[in-house]
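The first residue in the sequence is number 1, and the count goes up from there.
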Amino acid sequence: MKLYDQWAETYEQDHSLIGYRAPHQTVDFLNANFSGSREEVLVLDVACGSGWVAKLMAELGFRNFVGVDGSKGMLEQAAKTGLYQDLRLALLGTEPLPAQTDGFDVVMVVGALRDGFVPVSVVRELCYAARPGGYVCMSRVDPKLESGDKYKVCLEKELQLMEDEGLWTRVISQEMDRYMMDVYYDDQYLYGTMYLYRKSLN
């Protein structure tokens, strides 16, 4: 977290330099599949970082945000956007997600679902935070590492298990062919996947 605290002020600019498109693509993905009132819904922005996702969502009419991140420095940057009604510090996986059960119309997590960041077990907490009938929108990268493959398998197994348990239903999933540039190979991009689930009403 110390790295992210120090990186907070230049985080968005640095990621733009490596073609990091996940926030834009994931917000557009949600927007294309969301039919509710954007001005009225309450959004939980998990691993919110500097507030990049909230800024993109605000451009589309979303107005109400609560942010969670493990970096105090990132939360300080997010506060400067003026978009969040509340910002909460928590290291996901080691601390509970600080969110009221059934409290949010939309739960977003972009960029943090990967090995060494947010463990797969947190996905259930995202679902619990959504209101009945609410949406959970997630995206993850496919790094070219064995650990990345294992994470993908474990994540998608958990997503399916939660659907089998009746916790939610998959609305749509979509591959991303330009998640971000591969910093180890010039002119090559890493792939990723976006998921949208709707929490069950009962």
Side-chain angles (χ1 to χ4, degrees), residues 11-12 14-36 38 41 43-57 59-60 62 92-93 104-127 129-130 133-165 167-200:
Y11 177 83
E12 292 180 30
D14 291 347
H15 275 70
S16 293
L17 290 174
I18 58 171
Y20 182 55
R21 298 292 301 164
H24 297 82
Q25 291 188 68
T26 309
V27 169
D28 288 346
F29 171 72
L30 171 73
N31 192 54
N33 294 285
F34 182 79
S35 57
R38 288 153 179 76
V41 300
V43 178
L44 179 63
D45 186 5
V46 179
C48 65
S50 60
W52 196 348
V53 167
K55 285 188 281 188
L56 294 171
M57 292 182 74
E59 291 174 5
L60 298 172
F62 293 89
L92 301 178
F104 297 87
D105 301 286
V106 176
V107 179
M108 298 288 291
V109 59
V110 178
L113 291 176
R114 57 188 299 183
D115 184 56
F117 287 78
V118 173
V120 169
S121 60
V122 171
V123 170
R124 284 184 180 261
E125 296 183 73
L126 305 180
C127 180
Y135 294 89
V136 180
C137 185
M138 305 167 279
S139 68
R140 60 160 188 80
V141 67
D142 284 333
K144 297 175 182 177
L145 299 168
E146 184 179 354
S147 61
D149 291 338
K150 288 181 179 178
Y151 188 96
K152 176 183 178 180
V153 170
C154 290
L155 174 64
E156 296 195 339
K157 182 179 179 181
E158 179 72 354
L159 296 178
Q160 184 60 54
L161 179 60
M162 290 170 64
E163 189 163 9
D164 293 343
E165 292 173 1
L167 295 176
W168 61 13
T169 56
R170 182 180 296 202
V171 178
I172 188 173
S173 61
Q174 183 176 315
E175 299 296 317
M176 291 185 285
D177 60 358
R178 287 178 173 248
Y179 187 97
M180 62 181 286
M181 290 178 66
D182 188 333
V183 295
Y184 298 105
Y185 298 94
D186 291 340
D187 300 322
Q188 291 188 32
Y189 280 80
L190 295 173
Y191 291 81
T193 307
M194 299 177 287
Y195 310 89
L196 183 63
Y197 283 83
R198 191 168 193 186
K199 186 171 178 176
S200 300

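Between L196 and F34, the closest side-chain pair of non-hydrogen atoms is not below 4.5 Å. Using a 4.5 Å cut-off on side-chain heavy atoms (C-beta onward), W52 and L56 make contact. Counting heavy atoms from C-beta on, the side chains of M57 and D45 never come closer than 4.5 Å. Between L92 and F117, the closest side-chain pair of non-hydrogen atoms is not below 4.5 Å.
With sequence neighbours excluded, the residues forming a side chain to side chain donor-acceptor pair (under 3.5 Å) with N31 are R38, listed by chain and number. Take Y195 and apply the ring pair (Phe, Tyr, Trp, His ring centres under 6.0 Å) test, not counting sequence neighbours, and it matches no residue. Residues passing the side chain to side chain donor-acceptor pair (under 3.5 Å) test with E175, sequence neighbours excluded: T193. Residues that satisfy the side chain to side chain contact (heavy atoms under 4.5 Å, CB included) test with Q160, not counting sequence neighbours, are E163, D164. Considering only residues two or more places apart in sequence or on other chains, A130 meets the side chain to side chain contact (heavy atoms under 4.5 Å, CB included) condition with V107, V136, K199. Partners of S200 under the side chain to side chain donor-acceptor pair (under 3.5 Å) rule, at least two apart in sequence or in another chain, do not exist in this structure. A search for side chain to side chain contact (heavy atoms under 4.5 Å, CB included) contacts involving R124 returns Y128, E158, L161, M162, E165, L167, not counting sequence neighbours. For the ring pair (Phe, Tyr, Trp, His ring centres under 6.0 Å) test, no residue two or more places apart in sequence or in another chain qualifies with F104.
Interatomic distance, OG1 of T26 versus CZ of R140, reported as 11.5 Å (0.5 Å rounding). Summarising the geometry, atom CD belonging to Q174 is positioned 8.0 Å from atom CG belonging to N33; distances are rounded to the nearest 0.5 Å. The structure places CG of L155 at 4.5 Å from CG of L159, a figure rounded to the nearest 0.5 Å.
Legend: salt bridge (Lys or Arg N to Asp or Glu O under 4.0 Å) pairs involving residues 25-36, not counting sequence neighbours: none detected.
Across all their heavy atoms, R198 and G133 have their closest contact at NE-O, 2.7 Å. For L30 against F62, the heavy-atom pair with the smallest separation is CD2-CZ, 4.2 Å. Taking both residues in full, the closest heavy atoms of V110 and S139 are given as CG1-OG, 3.5 Å, listed atom of the first, atom of the second, then distance.
Partner of V43 under the side chain to side chain contact (heavy atoms under 4.5 Å, CB included) criterion, out of V53, D105, V106: V106 alone.
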